[in-house]
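Have a look at the structure below, then the notes.
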Amino acid sequence: GAGVSQSPRYKVAKRGQDVALRCDPISGHVSLFWYQQALGQGPEFLTYFQNEAQLDKSGLPSDRFFAERPEGSVSTLKIQRTQQEDSAVYLCASSQDRGTEAFFGQGTRLTVV
Amino acid sequence: RKEVEQDPGPFNVPEGATVAFNCTYSNSASQSFFWYRQDCRKEPKLLMSVYSSGNEDGRFTAQLNRASQYISLLIRDSKLSDSATYLCVVLRTDSWGKLQFGAGTQVVVTP
């Protein structure tokens, strides 16, 4: 596709449920990022991939959060045993290479009830 | 203290007026700077990169002051469509992968 695609756009999860969020980056983009954005805040860094290598996962808030990009293209962010504080918009971005312009997907709005 | 700080606003600007706001960053290793624009419930989109010598893109002018560690954005001849949240973004030389965002400055252009 022409842009970064994320699915689902909206997800309602019961507390304790596991969720998986998908990101399809722009074809050929080497770098992929996941961000978490709470209402009224700027995006907060979660993790970064260069191809299939996860080079930085310092922003993942707990070990309930796990991200992968096994073939260097599509990425999945998994959240286990969701909590109410996980409710946020999860944004995925890709760039041609590190340090270049990052293009964002429309995000997945996660609501934990 | 957050690594990137912005005045949250809102900046209420009459149509046609000029508005300017700053963003400060705390890490001197910050190397690349950007302004992103985010509309309500939409994803951030790159507005412009910020170069050391300052740069202009139509009605938008960005400046970088490395000594004082801040960047600025000026919008001239404001349009109603400029109403948005403007996110300041820095990229550090020691962390090429991580774009660090400010919380955003809200601009509201009124008729």
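Here is how names work: the chains are called A, B, and so on, in the same order as the sequence lines, proteins then strands, and each is numbered from 1. Below, each value reflects all heavy atoms present in this structure, side chains not excepted, and no hydrogens, waters or symmetry copies.
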Checklist line | Hydrophobic cluster identity match, M48(B) and F33(B), side-chain contacts under 4.5 Å | finding: yes

Item checked: Under 4.5 Å from a heavy atom of chain B, the part of F49(A) involved -> neither

Notebook entry, point to check: chain B: which of G107(A), A102(A), S31(A) shares the most heavy-atom pairs with it under 4.5 Å?
Noted result: A102(A)

Next item on the list: Residue by residue, scan residues 82-91 of chain A and write down, ordered by number, those that have a heavy-atom distance under 4.5 Å to chain B; if none do, write 'none'.
Entry: L91(A)

Item checked: Path from F66(A) to L46(A) over hydrophobic side-chain contacts below 4.5 Å -> no

Note to self: When you compare the side chains of Q37(A) and Q38(B), does any donor N or O come within less than 3.5 Å of an acceptor on the partner?
What the structure shows: yes

Margin query: Let me confirm one number: the CZ-CG distance from F104(A) to L46(B), rounded to the nearest 0.5 Å.
Written below: 10.0 Å

Notebook entry, point to check: Do W35(B) and V19(B) belong to the same hydrophobic cluster, where Ile, Leu, Val, Met, Phe, Trp and Tyr are linked whenever their side-chain heavy atoms lie under 4.5 Å apart, directly or via other members?
Noted result: yes

Next item on the list: Indicate, with yes or no, if I79(A) and L60(A) share a hydrophobic cluster defined by side-chain heavy-atom contacts under 4.5 Å among Ile, Leu, Val, Met, Phe, Trp and Tyr.
Entry: yes

Item checked: Exceeds 12 heavy-atom contacts within 6.0 angstrom, atom CG of L39(A) -> no

Checklist line | Ring centers of F101(B), F33(A) separated by less than 6.0 Å | finding: no

Item checked: Same apolar cluster: I71(B) and V89(B), side chain cutoff 4.5 Å -> no

Margin query: How close do G42(A) and L87(B) get, counting heavy atoms only, and between which atoms?
Written below: CA-CD2, 4.2 Å

Next item on the list: State whether the number of non-hydrogen atoms from other residues, nucleotides or ligands found under 6.0 Å of Q96(A) atom CD is greater than 12.
Entry: no

Checklist line | R66(B) atom CZ, neighbour heavy-atom count above 12 within 6.0 Å | finding: yes

Notebook entry, point to check: If you round to the nearest 0.5 Å, how far is CD of Q41(A) from OG1 of T85(B)?
Noted result: 11.0 Å

Checklist line | chain B contact via S58(A) - side chain, backbone, both or neither, heavy atoms under 4.5 Å | finding: side chain

